[in-house]
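Note on naming: letters A, B, ... go to the chains in the order of the sequence lines (proteins, then strands), and numbering restarts at 1 for each one. Bear in mind the structure is a predicted one, so any value in this text is a computation, not a measurement.
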Amino acid sequence: MTDKIQAIRGMHDILPQQTPRWQLVETVLRKLMATYGYAEIRLPIVERTELFRRSIGEVTDIVEKEMYTFDDRNGDSLTLRPEGTAGCVRACLEHGLLHNQVHRLWYVGPMFRHERPQKGRYRQFHQLGVEAYGMPGPDIDAELILLTRRIWRELGISEALELQLNSLGSLDERLAYRHHLVDYFGHYRERLDEDSRRRLETNPLRILDSKHPALHEIIEGAPVLKDFLGEQSNSHLQGLMEMLDAAGICFAVNPRLVRGLDYYSQTVFEWVSPRLGAQGTVCAGGRYDGLVEQLGGKPTHAIGFALGMERLITLLDEETEEASGRAHCYMICAGARAEREGALLAERLRDAIPHLKLIVNCGGGSFKSQFRRADKSNADYALILGDDEVSNQAVGIKSLRRDEDQVVVAQAELVSHLRTVLTL
RNA sequence: GUGGCUAUAGCUCAACUGGUUAGAGCGCUGGUUUGUGGUACCAGAGGUUGUGGGUUCGAGCCCCAUUAGCCACCCCA
């Protein structure tokens, strides 16, 4: 017991009871990505540390204290990816996908951040990432949001999610605003809490988001980003809102919506669920027109979002019944001869009926206990193989779910019989 | 990283203010029926009470440490 090995804190096993939900979500996502013309890209889980430092931002929490970083044997500093966009841009640059081209890409997989675990927040978690390159928007901005809405619809959780929207403006506009904000909050330095004083240096826009009650009044009087947006930024946002209106999407403009990663600009959005407690953001993203250039490419329009799979699946747990992947048949083999012949018969059935889901009893047991297992397996039919059946080259077939008579079928006719009753 | 709550069988939970061999339901295995599941009945297996120390005649219960989970902050998907 003392040397019991357990999973790393914040990294969880996804057990068989949960995997059908994951598969359902993955199937829906895969299908919808294809219908919008997005192509899958598969990326390494480890990248050079430098990539994340340069893209996410040196002073962000992620880079400062949340990355799993280690030295490779040759001395390179590597990092388990804390998010997907940086690696995606790196791959596109490396393979020349961004030379005046348009790309719609997606990926799923684990991300790693060393945070204090909590519901909806894990050290290894999974994201769907969607990225679109080469399009200035706001049409593509709207497309991504429409795509996410369709995901919620398809999964039956539309009611659980609310869309928030904001514009961070261009880099210049945001920098100008940032200066004014630092100025403003600087006057109230004494009244700021410790966190906010720190953020004054690192990410002053974050102060606007503070939940500290004493700051409410100060925040109310703070300069508003919207006033710093130029005509281009304003019309971009305006255009997006018009498209969302036309598509019947409800949203709230949240002037305090600020994304945590440095590379965002212009459109940012977030789908939030009030049911998930403090970690309510299920899906969030925005435009990052400057990042490609920042990583050594030509200036390239880009926008993307990330969707937290665990959070999405938590919502699903509350909304939907479990879809169990039940077997068609459970083969009961009583006696040594039946066990030998049963295994071979099962293989012949699998050859003949590729979609057949068939469980063969292993580990012996009385007829009674084997029937119990057959029932527990949720299979529709029990295939019964005992001494009598083996001697007669036959199989007993009993429905476990419907009130049908048990029949005995010659093994030679078993395939066609099963095809008929199972409609395969 | 900060603060608070929690940890007993595979799961959900009991065990009065510290007092005999830590119980129940579900699940699992076997049986009632030596070839028939689901309902019923009977029996069995399964615990160093998260881990390590301490206090005490005696600790599941009190104290300390540690690990993990939950909640909030922070952060974010």
Side-chain angles (χ1 to χ4, degrees), chain A residues 1-12 15 17 56 60-66 82-85 108-130 148 193-196 198-199 202-203 206-207 209-213 257-261 270-273 276-285 304-315 330 332-335 338 361 363-379 381-390 396-403 406 408:
Chain A
M1 260 329 225
T2 42
D3 53 358
K4 182 169 69 178
I5 296 176
Q6 39 185 8
I8 305 302
R9 181 173 205 200
M11 303 198 181
H12 294 296
L15 299 178
Q17 204 181 8
I56 296 169
T60 56
D61 277 26
I62 292 179
V63 169
E64 276 186 338
K65 48 195 187 198
E66 295 177 1
E83 57 98 47
T85 300
V108 263
M111 307 292 167
F112 303 84
R113 292 182 199 170
H114 191 103
E115 298 181 273
R116 181 105 163 217
Q118 164 178 349
K119 197 183 203 80
R121 189 172 78 180
Y122 311 102
R123 290 186 174 180
Q124 174 175 334
F125 60 103
H126 297 78
Q127 283 186 340
L128 165 77
V130 177
T148 52
D193 60 317
E194 198 185 328
D195 279 327
S196 295
R198 180 174 50 80
R199 280 180 288 204
T202 58
N203 194 346
R206 271 275 161 210
I207 302 176
D209 229 358
S210 175
K211 289 167 190 165
H212 205 92
L257 177 62
V258 175
R259 310 269 54 255
L261 286 56
E270 205 168 282
W271 287 94
V272 183
S273 175
L276 295 177
Q279 313 299 330
T281 303
V282 174
C283 171
F305 68 80
L307 188 162
M309 299 285 280
E310 282 84 356
R311 292 179 187 179
L312 180 65
I313 283 165
T314 302
L315 280 182
Y330 189 102
I332 287 169
C333 307
N361 185 80
S366 63
F367 268 93
K368 181 176 199 65
S369 64
Q370 292 199 37
F371 264 100
R372 274 191 185 144
R373 289 176 207 159
D375 185 52
K376 290 244 151 62
S377 79
N378 270 325
Y381 287 92
L383 306 185
I384 304 153
L385 210 56
D387 290 339
D388 293 353
E389 287 82 359
V390 171
I397 299 177
K398 178 174 182 175
S399 170
L400 299 171
R401 309 293 149 211
R402 282 188 296 271
D403 192 16
Q406 184 171 329
V408 176

B/A77, OP1 or OP2 - any side-chain N/O from A/Thr281 closer than 4.0 Å?
no
Rounded to whole Å, CD of A/Gln370 lies from C1' of B/C28 at a distance of 16 Å
Checking B/G30, B/G31, B/C74 against the side chain of A/Lys368 (C-beta onward), the nearest is B/G31
From CD1 of A/Ile8 across to C1' of B/U67 the rounded distance in Å is 12 Å
Between CD of A/Glu115 and P of B/C70 the distance, given in whole Å, is 13 Å
Of A/Lys398 and A/Thr60, the one whose closest nucleotide on RNA chain B sits nearer the 5' end is A/Lys398
A/Gln17 CD to B/U12 C1', in whole Å, measures 13 Å
Is there a donor N/O on one and an acceptor N/O on the other, under 3.5 Å, for the side chain of A/Arg116 and the base of B/G3? yes
Q. Given side chains that start at C-beta, do those of A/Ile397 and A/Leu383 come closer than 4.5 Å, heavy atoms only?
A. yes
Side-chain contact check for A/Lys119: nearest option of B/G37, B/C71, B/G1 is B/C71
So, does A/Gln370 use its side chain to make a donor-acceptor pair with the main chain of A/Phe367 at under 3.5 Å? no
To the nearest angstrom, the CG-C1' distance between A/Leu257 and B/C76 comes to 12 Å
Dot-bracket for RNA chain B, 5' to 3', Watson-Crick and G-U pairs with both distances under 3.5 Å, [ ] for crossing pairs, | for partner on another strand, reads (((((((..((((.....[...)))).(((((.......))))).....(((((..]....))))))))))))....
B/U36 base stacked by A/Phe371 (centroids within less than 5.5 Å, tilt under 30°) | yes
Which of B/A72, B/C28, B/A77 is nearest the side chain of A/Lys376? It is B/C28
Can you tell me if A/Arg206 touches the phosphate of B/C76, counting only side-chain N or O atoms and a distance under 4.0 Å to OP1 or OP2?
yes
Winner on side-chain proximity to A/Pro117, out of B/C74, B/C70, B/U36, is B/C70
Original post:
Any donor-acceptor pair under 3.5 Å linking the side chain of A/Asp61 with the backbone of A/Glu64?
Top reply: no
Just checking A/Glu83: base, sugar-phosphate only, or nothing, at a heavy-atom cut-off of under 4.0 Å?
nothing
Residue pair A/Asp61/A/His114 against RNA chain B: nearer the 5' end by closest nucleotide is A/His114
- request: May I ask you to verify if any side-chain N or O of A/Arg113 is less than 4.0 angstrom from the OP1 or OP2 atom of B/G1?
  value: no
Winner on side-chain proximity to A/Glu389, out of B/A77, B/U36, B/G35, is B/G35
**Prompt:** For the side chain of A/Arg113 and the backbone of A/Ile62, is there at least one donor-acceptor N/O pair under 3.5 Å apart?
**Reply:** no
Winner on side-chain proximity to A/Glu66, out of B/U67, B/G38, B/C75, is B/C75
| message | Can you see whether A/Glu310 engages A/His126 through a side-chain donor-acceptor pair at a distance of less than 3.5 angstrom? | response | yes
All heavy atoms of A/Ala374 vs all of A/Ile332, minimum pair found to be CB-CD1, 4.3 Å
In whole angstroms, the gap separating C1' of B/G1 from CZ of A/Arg123 amounts to 10 Å
Handout entry: Spacing of the P atoms in B/U67 and B/C11 (rounded, Å)
Key = 22 Å
Which of B/C74, B/A72, B/G31 is nearest the side chain of A/Arg372? It is B/G31
Q. Is A/Gln6 side chain donor-acceptor paired with the B/U67 base, going by distance under 3.5 Å alone?
A. no
Testing B/A68, B/U36, B/C71 for proximity to the side chain of A/Arg9, the answer is B/A68
| task | Respond yes when some side-chain nitrogen or oxygen of A/Ser366 is under 4.0 Å from OP1 or OP2 of B/G30, and no when none is. | result | no
**OP:** Mark yes or no for a side-chain to base donor-acceptor pair under 3.5 Å between A/Asp375 and B/G37, with no hydrogen or angle criteria applied.
**Re:** yes
Would you indicate, yes or no, if B/G69 has its OP1 or OP2 atom less than 4.0 angstrom from a side-chain nitrogen or oxygen of A/Gln118? no
Using a heavy-atom cut-off of under 4.0 Å over every strand shown, decide if A/Gly10 touches base, sugar-phosphate, or nothing. sugar-phosphate
Query raised in the report: Looking only at atom C1', what distance separates B/U55 and B/A77, rounded to whole Å?
Result: 47 Å
Donor-acceptor check, side chain of A/Arg123 to backbone of A/Met11, threshold 3.5 angstrom: yes or no? no
